Amino acid sequence: MEQEHLRFMKEAVKEARKGLREGGIPIGSVLVRDGKIIGRGHNRRVQKGSAILHAEMDCLENAGRLKAKDYEKCVIYSTLSPCDMCTGAILLYKIPVVVIGENTTFKGSEAYSRRRGVKVINLAPILN
């Protein structure tokens, strides 16, 4: 499972690099269901002049509208610990697993997510 998490985190990093090349904030995210990426996104707040286009939000938007039961089979990967807004979306859609690349720069609502039943996996110890 660790290798699968690393493989998908590399894809989230690709999204972060894409955002950086566009002049934005380098944070990326991918949404995975049944071992396949169904959504990709990166922080586009700068590029779009948006208050809400964080990587996770962009990723969920790009995945399109899914059935509730589909979200419940997903894992969302983010290069940075999700903020309160993105955590809210993860909880709203009942995504059961969040895999983060690092939480030193910013530690989001990880404890709250765990209390709400979300499995939070921090890859930082493996990646460093």
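Note that this is a predicted model, so its numbers are computed, not measured.
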CD1 (Ile121) and CD (Glu2) are apart, to the nearest 0.5 Å, by 10.0 Å
Check the hydrophobic clustering (I, L, V, M, F, W, Y; side-chain heavy atoms under 4.5 Å; chains of links allowed) and say if Leu20 and Val13 are grouped together.
-> no
Interatomic distance, NZ@Lys18 vs CZ@Arg44, rounded to 0.5 Å, equals 8.0 Å
Begin from the C-alpha positions of Arg40 and Asn62 and carry the test side chain to side chain contact (heavy atoms under 4.5 Å, CB included) through to its verdict.
-> CA-CA 6 Å; Arg40 295 174 168 273; Asn62 291 330; 5.5 Å; no
Answer yes or no: is there a side-chain heavy-atom contact under 4.5 Å between Asn103 and Leu80?
-> no
In chain order, what residues pass the side-chain hydrogen bond (donor to acceptor under 3.5 Å, both in side chains) check against Glu22, with sequence neighbours excluded?
-> His42, Gln47
Any chain of hydrophobic side-chain contacts (each under 4.5 Å) joining Phe106 to Met85?
-> no
So do Glu110 and Ser81 actually touch side chain to side chain, heavy atoms under 4.5 Å?
-> yes
Which residues satisfy the side-chain hydrogen bond (donor to acceptor under 3.5 Å, both in side chains) test with Thr79, sequence neighbours excluded?
-> none
In this structure, are over 12 heavy atoms from other groups packed under 6.0 Å from Glu102 atom CD?
-> yes
Stepwise side chain to side chain contact (heavy atoms under 4.5 Å, CB included) check, Leu53 with Asn43 = CA-CA 6 Å; Leu53 270 182; Asn43 188 302; over 6 Å; no
Which heavy-atom pair separates Gly39 from Ile37 by the least distance, and what is that distance?
-> O-CG2, 3.4 Å
Using modelled atom types only, decide if a donor and an acceptor are shared between the side chain of Ser29 and the backbone of Tyr77 within a distance under 3.5 Å.
-> yes
Closest non-hydrogen atom pair between Ser78 and Ile27, with its separation | OG-CG2, 4.3 Å
Should the pair Arg33-Asp70 be classified as a salt bridge under the 4.0 Å nitrogen-to-oxygen rule?
-> yes
List the steps and the verdict of side chain to side chain contact (heavy atoms under 4.5 Å, CB included) for His54 and Met57.
-> CA-CA 5 Å; His54 290 193; Met57 303 300 274; 4.3 Å; yes
CZ (Arg114) with more than 12 external heavy atoms under 6.0 Å | yes
In terms of hydrophobic clustering (I, L, V, M, F, W, Y; side-chain heavy atoms under 4.5 Å; direct or indirect links), are Ile52 and Ile25 co-clustered?
-> no
For the pair Glu72 and Lys69, find out whether any cationic side-chain nitrogen is under 4.0 Å from an anionic carboxylate oxygen.
-> no
In the hydrophobic clustering that connects Ile, Leu, Val, Met, Phe, Trp and Tyr at side-chain heavy-atom distances below 4.5 Å, which members other than Ile90 occupy its cluster, ordered by chain and number?
-> Leu31, Ile38, Leu60, Leu66, Tyr71, Ile76, Leu91, Leu92, Tyr93, Ile95, Val98, Ile100, Tyr112, Val118, Val120
Value for CZ (Phe8) from NZ (Lys14), rounded to nearest 0.5 Å, stands at 11.5 Å
